[in-house]
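Atom set for the values below is all heavy atoms of this structure, side chains included, hydrogens, waters and symmetry mates excluded. Protein chains get the first letters and strands the later ones, always in sequence-line order, with residue 1 at the start of each.
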There are 2 protein chains.
Amino acid sequence: MGGPSMLDHRTGNRRAPINLRTVIPDLCAKCEARHIGLCDSLCDEDLHFLANVGRQTTIAKGHGFVTEGDPARHFFNINRGTAKLYKDLPDGRRQITGFAGSGDFIGLAADTRYAFSAEAIEDVHLCRFDRTDLRAVFGRFPVIERRLLDVASHELIIAQEQMLLLGRKTAIERLASFLEVWHQRAAASPGQTQRLTLPMTRGDLADYLGLTIETVSRALSALRKQGVIAVAADHGVSVLQPARLAGIAQTVA
Amino acid sequence: MGGPSMLDHRTGNRRAPINLRTVIPDLCAKCEARHIGLCDSLCDEDLHFLANVGRQTTIAKGHGFVTEGDPARHFFNINRGTAKLYKDLPDGRRQITGFAGSGDFIGLAADTRYAFSAEAIEDVHLCRFDRTDLRAVFGRFPVIERRLLDVASHELIIAQEQMLLLGRKTAIERLASFLEVWHQRAAASPGQTQRLTLPMTRGDLADYLGLTIETVSRALSALRKQGVIAVAADHGVSVLQPARLAGIAQTVA
DNA sequence: CGGCTATTTGAGTCTAGTCAAAGCCTGTGG
DNA sequence: CCACAGGCTTTGACTAGACTCAAATAGCCG
């Protein structure tokens with residue numbers, strides 16, 4: 001409280017230019033998500049401008065930060081932690097449309113209002129961007145718009161794969177498909193070889209796969225009894241037979 | 001046949017510059033899709049350049065024009081007719097991810113290879129664009145890229161709505177949801193008030209809604225017996241009670 | 001009219017859902 | 001350190017909604 005103030009003494013403006021060029025870019029340069037997701041497509045110079053319109057925030061586990069139907073004012077870029085994106089029916093049925101983790105961009109599925117809700121399932125660190133501001137940045141940095149189009153295209157591919165899963169796969173095929181994707185994602189990142197940490201509950205998994213908690217549990221047990229996976233006490237899952245998992249998942253490509 | 005030739009007499013080249021500026025823009029200007037979809041975002045001047053990279057084609061009913069897994073070389077813009085977009089499992093199960101009609105843009109759900117297949121369910125007139133060429137156009141006409149991002153965003157919203165349908169709705173809710181969307185789309189376009197023409201078969205409908213042909217037929221009969229819709233001999237469907245249809249569909253917004 | 005396909009309807013089966021209970025893990029407080 | 005409360009997960013028994021198999025019906029095109 002007694003330390004150096006970030007307020008500009010002359011104007012009293014918390015967002016004076018001097019801060020933009022020194023403090024904020026440094027925040028971005030040292031950000032844990034500097035080289036993943038949206039920011040990876042920018043050079044350090046361009047990052048200044050993105051920082052200008054973004055603001056780092058933390059969302060505690062269990063707290064929502066987007067509500068379906070609300071005016072869509074922001075985009076979000078996750079730096080750390082995991083969030084679930086979902087849609088609800090009036091009677092309480094829920095469909096989780098995706099899980100967003102480090103580097104993922106959130107908010108494209110919106111017109112004037114959000115088409116989905118979002119809630120942190122772990123503590124989440126994210127950057128919040130004003131939609132209007134970000135659109136204004138497009139003109140100056142078309143690379144960002146290009147990147148968003150790529151992100152949207154990729155999300156469309158994922159969404160169509162999920163439609164195939166929800167419309168045509170059996171319970172065990174759905175779970176195997178999910179584990180395979182999660183397994184590949186983990187394999188891409190450095191660290192442990194094949195032990196997966198699933199941050200979501202069985203209930204989240206059920207809402208994602210279009211099943212009930214009980215069916216998810218039974219499918220997990222079935223895969224375990226077949227020796228395809230091992231389930232630890234802390235919910236960690238190890239893939240013992242990736243090839244068989246892929247076979248059960250009915251993966252095409 | 002005896003009229004003025006489109007060939008340039010001096011060069012014999014069918015694609016001489018003189019033709020680009022006169023004949024092709026005329027094709028576009030008179031196109032049935034001039035004021036819908038992608039082309040609506042362009043002024044007549046800009047249309048010249050789009051025409052330069054596009055090529056009109058006709059796909060006969062029942063013929064495929066995109067195959068999942070093939071190298072993604074083109075985008076498509078439908079001028080007339082309807083196509084189904086789908087993904088298949090090795091054992092023949094199929095999920096239709098969407099129906100594309102006049103003005104709809106196809107091809108965003110692709111990285112280096114198409115993530116879906118497409119087949120005409122009516123005779124389809126479309127414009128085919130080379131992906132590389134179109135990307136080159138972005139630099140010159142950012143409005144096109146902006147438009148594509150909007151299209152992608154809208155498709156994401158639709159896709160998430162479809163996930164909710166496939167994962168959490170009952171058979172009759174799925175059919176009612178489909179009819180409601182189709183009804184609203186028809187209401188937006190001029191012409192008959194509430195009589196819907198469904199160009200797809202019951203099989204296509206089943207593959208779109210994640211059901212079987214029999215279940216789709218039974219759900220239609222149920223809605224008919226409740227007096228919500230009327231089904232004509234030629235597959236035409238009239239919505240008699242839109243409010244009840246929406247209620248059954250569990251529409252949120 | 002006759003063959004073909006698409007659709008509707010019926011009867012029985014099965015996968016996943018519902019309801020219920022037991023087990024397990026975590027965190028808290030004595 | 002242990003007991004207990006609470007939530008999450010697993011497992012079991014039964015039900016229900018959608019699927020499968022089968023047959024009848026209705027359009028459609030030559």
Side-chain angles (χ1 to χ4, degrees), chain A residues 61-62 84 89 91-96 119 121-122 165-179 196-226 229-237 248 250, chain B residues 60-62 84 89 91-96 121-122 165-179 196-226 229-237 248 250:
Chain A
K61 175 176 177 173
K84 61 182 175 189
L89 288 174
D91 62 6
R93 282 175 284 174
R94 170 170 295 182
Q95 181 63 42
I96 292 181
E119 179 183 316
I121 61 177
E122 299 174 298
L165 180 151
L166 293 170
R168 290 306 187 203
K169 289 188 180 178
T170 65
I172 199 164
E173 287 168 354
R174 295 183 198 198
L175 187 65
S177 299
F178 168 79
L179 289 175
L196 311 179
T197 306
L198 304 181
M200 67 292 289
T201 66
R202 296 285 185 271
D204 290 335
L205 221 32
D207 286 339
Y208 181 58
L209 299 176
L211 302 169
T212 58
I213 291 177
E214 295 92 328
T215 300
V216 169
S217 184
R218 280 186 250 271
L220 271 170
S221 296
L223 287 176
R224 181 167 43 76
K225 284 169 186 164
Q226 291 177 36
I229 62 171
V231 182
D234 65 341
H235 292 189
V237 172
I248 294 170
Q250 295 278 336
Chain B
K61 174 177 177 174
K84 60 181 175 190
L89 287 175
D91 62 6
R93 282 175 284 175
R94 171 170 295 181
Q95 180 63 42
I96 292 180
I121 61 177
E122 301 174 297
L165 180 151
L166 293 170
R168 290 307 186 203
K169 289 188 179 178
T170 65
I172 199 164
E173 287 168 354
R174 296 184 197 197
L175 187 65
S177 299
F178 168 80
L179 289 175
L196 312 179
T197 306
L198 304 181
M200 67 292 290
T201 66
R202 295 284 184 273
D204 290 335
L205 221 33
D207 285 338
Y208 181 59
L209 299 176
L211 301 169
T212 59
I213 291 177
E214 295 93 327
T215 301
V216 169
S217 183
R218 278 185 251 270
L220 271 169
S221 296
L223 288 176
R224 180 166 45 75
K225 284 169 186 164
Q226 291 177 36
I229 62 171
V231 182
D234 65 340
H235 290 190
V237 171
I248 295 171
Q250 294 278 335

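- A straight line from CG of Asp204(B) to C1' of dA6(C) spans 12 Å, rounded to a whole angstrom.
- We find that CG of Asp91(A) is positioned 11 Å from P of dT18(C), with the value rounded to whole Å.
- In this entry the distance linking CG of Leu205(A) with P of dT10(D) reads 10 Å, nearest Å.
- Although no hydrogens or angles enter the test, the distance criterion places a donor-acceptor pair under 3.5 Å between the side chain of Gln95(A) and the main chain of Asp207(A).
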Open item on the list: Pair Ser221(B), Arg224(B) - check side-chain hydrogen bond (donor to acceptor under 3.5 Å, both in side chains), show working.
Closed with: CA-CA 5 Å; Ser221(B) 296; Arg224(B) 180 166 45 75; 3.2 Å; yes
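- Counting to the nearest Å, the C1' atom of dT8(C) and the CG atom of Leu223(B) are 15 Å from each other.
- Here the C1' atom of nucleotide dT7(C) and the CZ atom of Arg202(B) are 7 Å apart, to the nearest Å.
- Straight-line distance from the NZ atom of Lys61(B) to the C1' atom of dA6(C): 11 Å, rounded to whole Å.
- The residue among Gly203(B) and Ala233(A) whose nearest nucleotide of DNA chain C is located toward the 5' end is Gly203(B).
- The CD-P distance, from Glu214(B) to dA6(C), rounds to 14 Å in whole Å.
- Ser177(A) and Arg174(A) form no side-chain donor-acceptor contact under 3.5 Å, judged by distance and modelled atom types alone.
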Collect all protein-nucleotide pairs involving nucleotides 12-16 of chain C in which both atoms are nitrogen or oxygen and the distance is under 3.5 Å.
from	atom 1	to	atom 2	distance (Å)
dA16(C)	OP1	Ala171(A)	N	2.8

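- Rounded to an integer number of Å, the gap from CG of Leu198(B) to C1' of dG27(D) is 16 Å.
- Phe178(B) CZ to Leu211(B) CG: the interatomic distance, rounded to the nearest 0.5 Å, is 12.0 Å.
- Over its full length, the helix from dC1(C)-dG30(D) to dG30(C)-dC1(D) turns its helical axis through 30°, comparing axes from the five pairs at each end and rounding to 10°.
- The side chain of Arg218(B) places no N or O atom within less than 4.0 Å of a non-bridging phosphate oxygen (OP1 or OP2) of dT8(C).
- If you check every strand for non-hydrogen atoms under 4.0 Å, Thr201(A) touches sugar and phosphate atoms only.
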